[in-house]
**Q** 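Sharing a structure, written as structure tokens. Questions coming.
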Amino acid sequence: MALRALGRALAPALTRASSSTPTVFDRMVQIFVIDKSGVRHTVRGLEGASLASALQEYGGFGDDSFMPHVFEPGLPDCHVYVQGDYLDKLPPLDGEAAQDHARVLETAVRAKARDNSRMAHYIALTPALNGMTVALGDVEPWETQ
């Protein structure tokens, strides 16, 4: 009986504390990914992580979707086509990162690049990207001439 009374007395304080404390789920960003077979996947990643790391952690894509990042070989990267509505919502890249991104597209994606092509390593997940759809693109890691 005393425990029940104590529980009722503490319940309002516990409810206030739990509703104001953010959890990891509050920081999750949900992205929809169309793989190279046309299958749609729901991928979740933590706010601030790169899209490439979220895709790799998901683990539902073949190794041919990923390549080592050109400037940081220990990190994954992949080419994605970003849904048009979200291009303006992508976090802007600073001068050096923008140049690096352009070089990676030029050397790894080449003829398969489109206006909405991006390298997933350069896309930081933000709440504004929640619900974005991307399609996995091809890369051409070696010259075949």
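Quantities reported herein were computed from a predicted structural model and do not represent experimental measurements.
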**Q** Any side-chain heavy-atom pair from I123 and S50 closer than 4.5 angstrom?
**A** no

**Q** Among the clusters formed by ILVMFWY side chains lying less than 4.5 Å apart, do L93 and V104 turn up in the same one?
**A** yes

**Q** Return the set of residues passing ring-ring contact (aromatic ring centres under 6.0 Å, His included) with Y58 (not counting sequence neighbours), or none when no residue passes.
**A** H41, F61

**Q** For S117, enumerate each residue passing the side chain to side chain donor-acceptor pair (under 3.5 Å) test, keeping only those at least two apart in sequence or located in another chain.
**A** H79

**Q** Check whether R118 reaches the backbone of V80 with its side chain - one donor and one acceptor, N or O, closer than 3.5 Å.
**A** no

**Q** Taking V82's backbone N and O only, do any of them form a donor-acceptor pair with N116's side chain (distance below 3.5 Å, no angle check)?
**A** yes

**Q** Do F32 and M132 pass the side-chain contact (heavy atoms from CB on, under 4.5 Å) test, and can you show the C-alpha distance, the side-chain angles, and the key distance before you say yes or no?
**A** CA-CA 6 Å; F32 300 106; M132 174 175 72; over 6 Å; no

**Q** Check whether D26 reaches the backbone of T23 with its side chain - one donor and one acceptor, N or O, closer than 3.5 Å.
**A** yes

**Q** Judged by atom type as modelled, is there a donor-acceptor pair below 3.5 Å linking the side chain of D77 to the main-chain atoms of H121?
**A** yes

**Q** When you measure from the side chain of T107 to the backbone N and O of R103, does any donor-acceptor pair fall under 3.5 Å?
**A** yes

**Q** Given side chains that start at C-beta, do those of Q30 and V43 come closer than 4.5 Å, heavy atoms only?
**A** no

**Q** For R44, give me all partners under salt bridge (Lys or Arg N to Asp or Glu O under 4.0 Å), at least two apart in sequence or on another chain.
**A** none

**Q** Where is the tightest heavy-atom contact between K112 and Y81, given as atom of each residue plus distance?
**A** O-OH, 2.8 Å

**Q** If you count the non-hydrogen atoms of other residues, nucleotides and ligands that lie under 6.0 Å from CG in D115, is the total more than 12?
**A** no

